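Hydrogens, waters and symmetry mates play no part in the numbers below; they use all other heavy atoms, side chains included. Fair warning: this is a prediction, and the values are worked out from it, not measured in the lab.
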Amino acid sequence: QLQLVESGGGLVQAGGSLRVSCAASGRSFSSYAMGWFRQAPGKEREFVAAISWSGGTTNYAESVKGRFTIARDNAKNMVYLAMNGLEPEDTAVYYCAASAMGVATMSEYAYRYWGQGTQVTVSS
């Protein structure tokens, strides 16, 4: 079982940058693929980025490709999402999630463990 805690959210102006982090506690973190999802007010939760258990494979939503970068540090049980060129449309609660499948899947149904989320607000 994993516990996930996100941090690093906040308010940023359009065009700015922010990095959100996810700290994992529990066993076998390095065997899990990790993903970031987000949910804006009034909208369904959507996939943002994912990284395989080894970090060797990443996957991004088209809307963030080229602007966001997902990374992990298995020695520290951490996963990160660096966000550049932020737009007001990126405003959402960002969730970290873990998948026992180990591959960088986009499907939220593959993710068993979820954090509580961190708010990211981008002002225009």
Side-chain angles (χ1 to χ4, degrees):
Q1 186 172 352
L2 287 182
Q3 292 79 44
L4 305 174
V5 178
E6 301 92 338
S7 62
L11 174 65
V12 63
Q13 289 187 331
S17 299
L18 202 62
R19 188 180 79 161
V20 291
S21 302
C22 175
S25 59
R27 300 175 65 180
S28 303
F29 168 78
S30 60
S31 68
Y32 287 83
M34 300 299 296
W36 285 97
F37 292 78
R38 66 187 182 186
Q39 187 167 21
K43 295 186 177 181
E44 293 187 352
R45 187 163 57 190
E46 64 174 1
F47 168 78
V48 176
I51 189 167
S52 62
W53 67 272
S54 66
T57 304
T58 56
N59 201 352
Y60 295 93
E62 285 298 323
S63 61
V64 307
K65 202 171 288 186
R67 299 188 297 124
F68 290 12
T69 302
I70 188 171
R72 67 187 298 160
D73 185 337
N74 285 343
K76 296 181 179 180
N77 282 15
M78 296 290 295
V79 63
Y80 308 97
L81 183 69
M83 303 180 287
N84 298 311
L86 283 161
E87 304 166 351
E89 293 73 25
D90 296 316
T91 295
V93 176
Y94 282 72
Y95 297 92
C96 171
S99 170
M101 291 179 60
V103 295
T105 179
M106 298 173 60
S107 172
E108 67 174 82
Y109 300 105
Y111 291 85
R112 182 173 182 180
Y113 302 109
W114 293 80
Q116 294 300 306
T118 185
Q119 176 70 48
V120 173
T121 303
V122 184
S123 63
S124 58

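For the pair S63 and R38, the minimum side-chain heavy-atom distance is below 4.5 Å. Annotation: side chain of M83 is not in contact with side chain of V64 (no heavy-atom distance under 4.5 Å).
I70 is connected to L18 through a chain of hydrophobic side-chain contacts under 4.5 Å among Ile, Leu, Val, Met, Phe, Trp and Tyr, so both are in one cluster. Note on V79 and Y113: same hydrophobic cluster, where clusters join Ile, Leu, Val, Met, Phe, Trp and Tyr whose side-chain heavy atoms are under 4.5 Å apart, directly or indirectly. Tracing side-chain contacts under 4.5 Å through hydrophobic residues (I, L, V, M, F, W, Y), one reaches V20 starting from L4; they form part of the same cluster. Note: the hydrophobic cluster containing F37 does not contain M34 (ILVMFWY, side chain heavy atoms under 4.5 Å, direct or indirect links).
Ring geometry for W114 versus Y95: interplanar angle over 60°, hence perpendicular rather than tilted (30 to 60°).
S124 and P88 get closest at one heavy-atom pair: CB-CG, 3.8 Å. For N77 against G26, the heavy-atom pair with the smallest separation is ND2-O, 4.2 Å. The two residues L11 and S123 make their nearest non-hydrogen contact at CD1-CB, 4.3 Å.
Distance check: T105 OG1 to Y111 OH gives 5.5 Å after rounding to the nearest 0.5 Å. Between the OG atom in S31 and the CG atom in L2 there is a gap of 7.5 Å [rounded to 0.5 Å]. Note that CG of L81 is 8.0 Å distant from OG1 of T69, once rounded to the nearest 0.5 Å. Atom OH of Y32 and atom CE of M101 lie 13.5 Å apart (nearest 0.5 Å). Taken from CG in D73 to CE in M78, the straight-line distance is 8.5 Å, to the nearest 0.5 Å. Separation of atoms CD (Q119) and OG1 (T91) is listed at 7.0 Å; rounding is to 0.5 Å.
A donor-acceptor distance shorter than 3.5 angstrom exists from the side chain of N74 to the backbone of W53, with no hydrogens or angles considered. Using modelled atom types, no side-chain atom of E6 and backbone atom of C22 make a donor-acceptor pair closer than 3.5 Å. Looking at S99, its side chain does come within 3.5 Å of a backbone N or O of A110 through a donor-acceptor pair. R67 places a side-chain N or O within donor-acceptor distance of the main-chain N or O of G85, the cut-off being under 3.5 Å. Under a 3.5 Å cut-off, the side chain of R72 and the backbone N or O of S52 do form a donor-acceptor pair.
Ring to ring, W36 and F68 are not that close: their centroids are 6.0 angstrom or more apart.
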